[in-house]
Amino acid sequence: MSVFITRRILQSLVVVFVMSLLVFFGVNIVGDPVDMLINPEADQEDIEAAIRALGLDRPIHEQYWYFLVNALKGDLGKSFIFAEPALKLILQRMPATLELAFAAMFLAVVIGIPLGVFAGLRPHSKVSKTIMAGSILGFSLPTFWVGLMFIMIFAVMLGWLPSTGRGETTSLLGIQVSFLTLDGLSHLLLPALNLALFKMSLVIRLARAGTREVALQDYIKFARAKGLSPSRVVLVHVMKNILIPVVTVLGLELGGVIAFAVVTETVFAWPGMGKLLIDSIQLLDRPVVVAYLMITVLMFIVINLVVDILYSILDPRVRLKDVKS
Amino acid sequence: MSTTGEQARQAAAIAQSATVQTPLRRFLSDFFESKVATAAVAVFAIILFIAIFAPWISPQNPYDLMVVDVMDSRMPPGEKSLTGMTFVLGSDGAGRDMLSAIFYGLRTSLGVGVMSGIIALGIGMAVGLAAAYFGGRTDTLIMRVVDLQLSFPAILIALILLSILGKGVDKIIIALVIAQWAYYARTVRGSALVERSKEYIEAATCLALSHRRIVFRHLLPNVLPPLIVVGTLQTAHAISLEATLSFLGVGLPQTEPSLGLLISNGFEYMLSGKYWISFFPGVALLITIVSINLVGDQLRDVLNPRLER
């Protein structure tokens with residue numbers, strides 16, 4: 001067990017190092033930040049002072065070395081635009097992104113499971129076929145276009161919901177959140193629904209397949225024969241057994257939702273890390289881009305590591321096979 | 001007399017059915033059994049036709065500054081231009097006919113999607129076949145890289161690459177290829193491993209045929225069906241991904257507008273109720289993706305021998 005975990009952690013560290021190298025060297029080849037960030041009317045002395053202040057005069061391998069040493073200290077460089085530490089900028093925006101991602105996951109489960117279970121219990125009814133056709137559309141529709149259509153219908157034509165920003169936020173344990181105020185909730189609903197659509201289709205399919213399988217099992221027949229009410233059979237006995245695959249897949253998809261939040265945040269001007277990334281790419285604000293990529297890569301590696309370790313605890317075959325190979 | 005006539009007809013029917021049952025014909029008749037798939041193929045054929053012949057069938061060349069007039073900008077659908085041409089789907093912020101812009105956009109979107117799909121398929125096929133055929137360390141190394149890459153979502157990989165490479169048609173194709181090759185490699189390796197353990201490969205090895213001959217003449221043709229299915233679905237995915245990246249402003253430059261860029265350009269007008277600049281390119285994108293996905297689904301059903309039909 002500990003051999004497996006140690007090996008996986010070491011592998012993850014190697015991946016983090018390789019990614020940091022790729023990301024840093026890659027990003028430093030883009031454009032020339034001197035042209036971008038320093039006033040073209042400044043005289044030569046000012047330009048040189050600015051270059052020294054930004055550390056751009058050193059050879060690139062030295063720049064990387066400082067980056068690595070500083071990264072270990074939790075300092076990922078200063079933003080060229082905001083003149084603030086890049087890490088701080090990203091951590092400031094992280095709660096907004098996480099709130100959006102979890103709200104989307106919540107909607108996907110709360111809407112997806114009932115629809116999927118219904119489609120699984122009555123696979124031949126018209127409603128079920130409509131639900132399944134809807135889930136195919138959910139897979140095919142590009143997220144950003146659906147977001148635009150939401151804005152067009154609910155914000156422009158009907159005027160029911162606001163289309164940009166987070167709205168009023170309140171402080172919860174020192175973190176600004178939107179979902180506790182009515183205004184914040186109304187701002188959250190459209191982006192969360194937009195981000196949830198793809199995962200909702202996935203949940204519908206998983207729940208439907210699970211229900212169709214579980215409904216044929218002996219213990220369901222037994223529960224029925226015992227005279228339990230249909231609602232109790234579905235809500236307790238069926239639901240319990242379809243939740244396992246749904247929860248597993250959703251856990252794995254969390255990283256994907258956070259990555260895809262980039263799109264939704266851009267459409268709805270949601271002030272999260274994704275929007276910061278897109279803005280920074282366009283302004284060639286390299287420290288922020290590097291910091292975002294490093295944090296996201298780190299997040300993914302941690303998620304994958306945790307999932308692998310959980311699997312190895314649940315299923316000993318995984319770790320035995322890996323140690324042998 | 002009548003019995004011999006009957007027999008002759010039967011013999012003819014048997015002879016005919018024997019010639020008819022080639023694998024390709026069987027595949028085609030299976031494929032077109034589904035009405036939905038037939039319709040999807042027809043729709044996709046129309047889209048392909050539009051994409052290829054866009055310069056000849058568009059009402060105007062939307063990127064010819066001599067033709068486009070800023071005075072015609074943001075006309076709603078059905079309005080006439082100053083020169084008397086009807087904007088069937090309206091016009092955009094620069095006075096371009098949306099229908100023509102969509103035709104040209106389809107050309108770019110399909111071109112980028114199909115091109116990146118073909119290159120990724122080629123790379124993935126070579127890598128996957130090598131992993132499956134040689135096994136051992138080669139296989140372990142290749143599959144480690146594939147697993148590592150597949151643990152990150154494609155959009156994140158493409159974003160990282162494009163933030164490094166910058167904008168451009170060639171760059172977005174490179175980014176899409178790198179984001180996709182691993183899917184092909186995994187599919188090819190999986191089915192090649194199954195095929196490799198079969199007797200005909202053993203027989204070919206016993207005949208002392210060269211590696212190249214075994215891989216390309218014996219292994220490859222039997223690995224193709226699942227690859228075609230993945231290729232179709234991945235191409236739809238690539239088109240959607242390109243549109244998303246272009247919408248985010250990290251994909252194609254304004255000089256090569258794909259559907260994603262057209263939608264993005266219309267975004268600013270949407271809040272003032274001018275829906276058509278974003279809406280119609282989105283519908284075109286949606287029809288393209290759905291039709292390719294439906295064709296892919298049907299291909300999977302037809303080409304998968306394990307599925308009871």
Side-chain angles (χ1 to χ4, degrees), chain A residues 11 15 18-19 22-23 25-31 136-137 139-149 151-153 155-157 163-164 252-253 255-260 262-263 265-267 274-275 277-282 284 286 289-290 292-293 296-297 300-301 303-304 307-308 325, chain B residues 36 140 144 147-148 150-167 233 236-237 239-250 259-260 263-264 266-267 269-279 281-294 297:
Chain A
Q11 279 172 6
V15 174
V18 172
M19 288 305 243
L22 284 178
V23 168
F25 277 88
V27 170
N28 274 275
I29 298 168
V30 198
I136 293 177
L137 267 187
F139 275 123
S140 297
L141 286 163
T143 309
F144 70 97
W145 189 68
V146 178
L148 289 184
M149 292 303 114
I151 290 182
M152 190 183 92
I153 296 169
V156 177
M157 288 182 171
S163 66
T164 54
L252 285 172
E253 295 282 331
V257 171
I258 292 171
F260 246 94
V262 174
V263 180
E265 283 174 12
T266 309
V267 173
K275 186 154 174 19
L277 171 74
I278 298 297
D279 293 346
S280 302
I281 289 177
Q282 264 144 16
L284 286 188
R286 294 180 304 166
V289 175
V290 173
Y292 173 88
L293 296 179
T296 323
V297 166
F300 267 88
I301 289 169
I303 291 175
N304 288 334
V307 169
D308 271 6
S325 69
Chain B
V36 177
T140 316
R144 271 283 147 83
D147 282 344
L148 176 66
L150 290 181
S151 64
F152 295 96
I155 186 161
L156 188 67
I157 292 171
L159 263 179
I160 294 179
L161 287 167
L162 286 171
S163 69
I164 292 168
L165 296 170
K167 288 184 181 183
L233 298 173
H237 191 220
I239 292 172
S240 169
L241 195 57
E242 178 274 312
T244 306
L245 292 166
S246 295
F247 173 77
L248 292 175
V250 293
L259 293 176
I263 296 170
S264 166
F267 186 24
Y269 302 113
M270 179 152 275
L271 292 177
S272 53
K274 298 188 175 56
Y275 67 92
W276 58 90
I277 307 175
S278 278
F279 180 72
V283 172
L285 183 64
L286 179 64
I287 294 172
T288 311
I289 294 172
V290 170
S291 70
I292 299 177
N293 274 340
L294 288 174
D297 274 350

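Predicted, not measured: the structure shown is a model, and the values here were computed from it. The sequence lines fix the lettering, A, B, ..., with proteins before strands; numbering per chain opens at 1.
- Listed by chain and residue number, nothing satisfies the ring pair (Phe, Tyr, Trp, His ring centres under 6.0 Å) test with A:F260 (two or more places apart in sequence, or in another chain).
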Using residues 282-291 of chain B as the side-chain source, report each donor-acceptor pair under 3.5 Å to any protein atom, sequence neighbours left out, with the distance given to one decimal.
| unit_1 | atom_1 | unit_2 | atom_2 | d |
| --- | --- | --- | --- | --- |
| B:T288 | OG1 | B:A284 | O | 2.7 |
| B:S291 | OG | B:I287 | O | 3.2 |
| B:S291 | OG | B:T288 | O | 3.0 |

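- Chain A forms the most heavy-atom pairs under 4.5 Å with one residue out of B:A154, B:A236, B:A243, and that residue is B:A243.
- In terms of heavy-atom pairs under 4.5 angstrom with chain A, the leader among B:L162, B:V250, B:I263 is B:I263.
- Proximity to chain B is limited to the side chain of A:I278, based on heavy atoms less than 4.5 angstrom apart.
- With values rounded to the nearest 0.5 angstrom, B:S240 atom OG is found 12.0 Å from A:W145 atom CH2.
- Heavy-atom pairs under 4.5 Å with chain A peak, among B:L159, B:L248, B:I292, B:L156, at B:L248.
- Contacts of A:T143 with chain B are absent, with no heavy-atom separation under 4.5 Å from either backbone or side chain.
- Most heavy-atom pairs under 4.5 Å with chain B: of the set A:L148, A:T266, A:L137, A:I136, this distinction falls to A:L148.
- With a threshold of 4.5 angstrom between heavy atoms, A:L277 approaches chain B through side-chain atoms but not through N, CA, C or O.
- With rounding to the nearest 0.5 Å, the separation of OG in B:S278 from CG in B:L259 is 11.5 Å.
- At least one side-chain heavy atom of A:Y292 sits under 4.5 Å from a side-chain heavy atom of A:V262.
- Using a 4.5 Å cut-off between heavy atoms, A:V146 does not touch chain B at all.
- Heavy atoms of A:L141 lying under 4.5 Å from chain B belong to its backbone as well as its side chain.
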